[in-house]
Amino acid sequence: MKNLSTTKVVSLTLITVIVLAVAYFLTSRYFPFEPDVANSPLVWRGFLSEGFSVLTDWKPTPDSWYFTVYPINFIFFILTGNDGQLPLVLSTALFVGLSALILSWVIHNIKHSNSAWLAAACLTMLPAYSYVHGFLAHPFSHYSTHFFGVLVFTLCLYNLKKNSFGLAAIATLLSLLAAVSDPWFKVCYFLPLLLVQIYYAWHKVIGKKIPALYGVFFLLAMNNAIPRWMHWPIQHFELLPMDMWLANAKWVLLLVGRSMNLFFIDNSLTAIASFIIWAVLIIYAFFICVKQQRETRFFALFSLLTIAGIISSFIISYDSADYSSARFFVNATSFGIALCVLSLSLQRNPILIAVLLLFCASSLYSYTQDQPPLADRKQETLSYMDFLQQHNLSFGYGSYWMVANNVNWLSAGKIHITSILFDQQTHRIDFGSIRSQTMKSWLRDPFIAQSPERQFVAFTAARNAEQCAELQPCLDAVTEQLGKPDEKLHYLDTVIYVYNHRIYPPSL
C-alpha cells in the first residue's frame, strides 16, 4: 500500500506539473498587450500609494474584478517583485491549469477512474481560438471567474457528504464576491448552484438552511447591493427584440463550435458540425450521469443548467455578438467536456473516446497555425513611448484605445497619459466625465499639480463614442478650449498638441 500511495502521489504531482506547464506555455504564447490588460498593475500602484481608497478612486466597469482577479494578481506582484507581464501570465495560467485539474480531480473522486485525467488534457489543450477569442490567455476574462465558479461548484458538491452549514457559508460568500466582481457568474454559477441545492434539500440530502442561505445571497447579488453601496457601475439585464434571437442563436453555433472544433480546419462549416456532434454527446452523457446518485447526478444537473443558462442568456440579451463573444461560453465548453469524461468513467463508449482524442489532436494542430494574440499592441505601445520620450513628453491626455493605459503600465510610471472622452456635439474634451478603467484623481488639481509643465493632448480619429469622428473639428474645438498649442507633432495617424504649461481641466 505504501508503494501504491507513493506511485499515486508521484503520478498526481507529474500530472499537475504538466498541466500547469502547458497552461503557462499557451498563456504566454497568446497573452495580449491590449489596454484592458493594464488594469491590475495600475490599480496595484494606486493601492500602494493611497491604500484601500483606490477602490473609490478607480472607476471600474461592471466587471470590476475587485474580489477575484485583483487579489490573485496582487499576490503575484508581491511574489515576483514587479507588476509586468510575468506575474499576469502566471496568475492567468494558474486559473487555466487549476480549473482543469480541479474538475479532473472531482471526476476522479466520484468514480476513481483514470479516464478523469483525459479531462485535464482536454481542458488545458483547448483550441488556439479559445485562448485568443475565448480570452483564456487574457488576465481579465470570464475564464478567471470560471475558476472561482469551479471552486464553488466543488465545495457545494463536496458538501453533499458533509451537509455542513459552515462549508455552505464559505461557498456562498465566495459566490457573492465572484458575482460582484463579474456579473457573468450569476447566470453561469450562482443560479444553477442554487437550483441544484434546492433539489437536494428537497430530497433531504442537505439541510434546507443551505439553499436558504445561498438564496438570500443570490438575491443580494441580483439586487447589486454591494455595487450600489460602493457606487460602482451596474450591469442591467435587458431583453432583446425577438427578431435578434435567431441571429444570436446562429452565433452560438459558431462560437461554441469553434471553441470545441474537432476538424482541424477552422471555418463555419466545421464549427457547426462540431457543435452538433458535441451537443449529441453532451445530451447522451447527461442521461448516463443523471441516472446515478448524489455526486454524479449533481454534476450532471449543474452541467446542464450552466450550459443552458449562458446559451439562453446570450441569445435573448446580448446585443454585440462577434467572434470575441466566445469568452462568454467558457463554462459551457468546460462542463460539456467534463460531463462527457464523467460519463466515460461510468460507461465505456468508443465514439466518445474517439471524439475526445480527436478534440485534443485538433487543438494541438491549431497551435501550429499563425494565430497572433487578440488586439496585441505591445510593439505599437513601445514605439509610441519612444516617440514621446524623444520629444520630452511624459505627461498628457489621449484616447484609452490609443494605448494610454498600456503606456502608463509599460513605462513603469515614467510616462503618464490620462484617458479622456470627447464631447460628440461640441468636439471639446469632456473633462467632466471620467473614463472607466482610469483613476478619478487623474483629472483633479493635486495630481496635475505634481506633473511636469510640458504636456500634450493626443488626437486620433475613430468612429466611436469616445474619440473624434473627424480630427479637424476636435483640433479646432480644443484650440478654443485650451488655447493654441506651442508645438504640433504627428505620430502615424495621431496629431499631438504640445503645451509648455500644465493643462488643468477648465471645469475644475
Side-chain angles (χ1 to χ4, degrees), residues 14-34 37 85-86 88-90 92-101 103-104 117-139 141-143 146 251 253-278 281 322-327 329-330 332-334 336-338 340-341 351-380:
L14 184 61
I15 290 170
T16 300
V17 170
I18 291 173
V19 167
L20 293 178
V22 171
Y24 176 81
F25 170 77
L26 293 174
T27 301
S28 300
R29 178 171 184 153
Y30 299 112
F31 184 87
F33 282 85
E34 59 93 40
V37 172
Q85 178 184 1
L86 177 61
L88 294 179
V89 171
L90 288 172
T92 307
L94 195 68
F95 289 138
V96 174
L98 287 184
S99 297
L101 288 168
L103 280 178
S104 301
W117 305 117
L118 182 57
C122 292
L123 295 177
T124 308
M125 294 188 298
L126 292 165
Y129 179 82
S130 294
Y131 275 89
V132 176
H133 295 280
F135 283 42
L136 267 69
H138 198 295
S141 73
H142 297 308
Y143 207 84
H146 166 69
W251 273 109
L253 294 177
L254 294 174
L255 296 171
V256 177
R258 293 188 74 178
S259 299
M260 306 179 78
N261 187 23
L262 298 170
F263 297 104
F264 299 84
I265 300 171
D266 185 8
N267 58 41
S268 297
L269 183 61
T270 59
I272 293 172
S274 296
F275 180 91
I276 293 171
I277 292 171
W278 277 111
L281 291 175
D322 60 22
Y323 281 107
S324 65
S325 301
R327 67 190 186 276
F329 299 100
V330 292
T333 57
S334 293
I337 291 170
C340 288
V341 174
I351 296 176
L352 191 51
I353 294 173
V355 168
L356 290 166
L357 293 176
L358 185 62
F359 173 72
C360 289
S362 179
S363 295
L364 285 170
Y365 176 77
S366 72
Y367 307 145
T368 68
Q369 306 305 296
D370 187 16
Q371 177 69 69
L374 184 68
D376 189 63
R377 311 285 291 277
K378 183 176 183 179
Q379 293 306 316
E380 179 183 345

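Numbers for residues simply follow the sequence, beginning at 1. What you are looking at is a predicted structure, and each value in this text was computed from that prediction instead of being measured.
Contact between S324 and L374 at its shortest, heavy atoms only, is CB-CD2, 4.4 Å. Of all non-hydrogen atoms in P32 and A137, the two that sit nearest each other are CD-O, 3.5 Å. Across all non-hydrogen atoms, the minimal contact from A120 to S104 is N-OG, 2.8 Å. Minimum heavy-atom separation, L255 to A326: CD2-N, 3.8 Å. The two atoms that bring L103 and A338 nearest to each other are CD1-CB, 4.3 Å, heavy atoms only. Pairing each heavy atom of T92 with each of P139, the nearest pair is OG1-CA, 3.4 Å.
Residue L281 forms a side-chain contact (heavy atoms from CB on, under 4.5 Å) with just one option from L356, V355, I276, and that option is V355.
One N or O on the side chain of S325 and one on the backbone of D322 form a donor-acceptor pair closer than 3.5 Å. In this structure, T270 contributes its side chain and N267 its backbone to a donor-acceptor pair below 3.5 Å.
The CG atom of N261 lies 8.0 Å from the OG atom of S363; values are rounded to the nearest 0.5 Å. One finds the CG atom of L136 at 9.5 Å from the CG atom of L26 (value rounded to the nearest 0.5 Å). Distance CG/L253 to OG/S268: 10.5 Å, rounded to 0.5 Å. For the atom pair CZ of F95 and NE2 of H142, the computed distance is 14.0 Å after rounding to the nearest 0.5 Å. Taking OH of Y367 as the start and OG of S362 as the end, the distance is 9.5 Å to the nearest 0.5 Å. Rounding to the nearest 0.5 angstrom, the gap separating the CD atom in Q371 from the NE2 atom in H133 is 5.0 Å.
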Check: What do the steps show when you test W117 against V341 for side-chain contact (heavy atoms from CB on, under 4.5 Å), and what is the final call?
Finding: CA-CA 9 Å; W117 305 117; V341 174; over 6 Å; no

Next item on the list: Take M260 and I337 through the test side-chain contact (heavy atoms from CB on, under 4.5 Å) and record every step on the way to the result.
Entry: CA-CA 9 Å; M260 306 179 78; I337 291 170; 3.7 Å; yes

Note to self: The test is side-chain contact (heavy atoms from CB on, under 4.5 Å); show your working for H146 and S99 and say whether it passes.
What the structure shows: CA-CA 8 Å; H146 166 69; S99 297; 3.9 Å; yes

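Remark: H138 pairs with F135 by the ring-ring contact (aromatic ring centres under 6.0 Å, His included) rule, at least two apart or across chains.
Side-chain contact between F359 and P127: present, with at least one pair of heavy atoms (C-beta onward) separated by less than 4.5 Å. For the pair Q85 and F33, the minimum side-chain heavy-atom distance is below 4.5 Å. Within the 4.5 Å cutoff, the side chain of Y30 has no heavy atoms near those of the F25 side chain. With contacts defined as side-chain heavy-atom distances shorter than 4.5 Å, the pair S274/F263 qualifies. Put simply, the side chain of T333 does not reach to within 4.5 Å of the side chain of W278, judged on heavy atoms. L364 has its side chain within reach of M125: a pair of non-hydrogen atoms, C-beta onward, lies under 4.5 Å apart. With contacts defined as side-chain heavy-atom distances shorter than 4.5 Å, the pair I15/L101 qualifies. Considering only heavy atoms from C-beta on, Y143 stays 4.5 Å or farther from S130 through its side chain.
Pairs of residues two or more places apart, or lying in two chains, never qualify as side-chain hydrogen bond (donor to acceptor under 3.5 Å, both in side chains) while including a residue from residues 15-29. Screening residues 259-275 for salt bridge (Lys or Arg N to Asp or Glu O under 4.0 Å) gives R258-D266 as the qualifying pairs, with residues at least two apart or on separate chains.
Few gaps surround CG on L357; more than 12 heavy atoms of other groups in view lie less than 6.0 Å from it. With a 6.0 Å radius and a threshold of 12 heavy atoms from other residues, nucleotides or ligands, I265 has its CD1 atom at or below the threshold.
Between Y131 and Y129, the distance from one ring center to the other does not fall under 6.0 angstrom.
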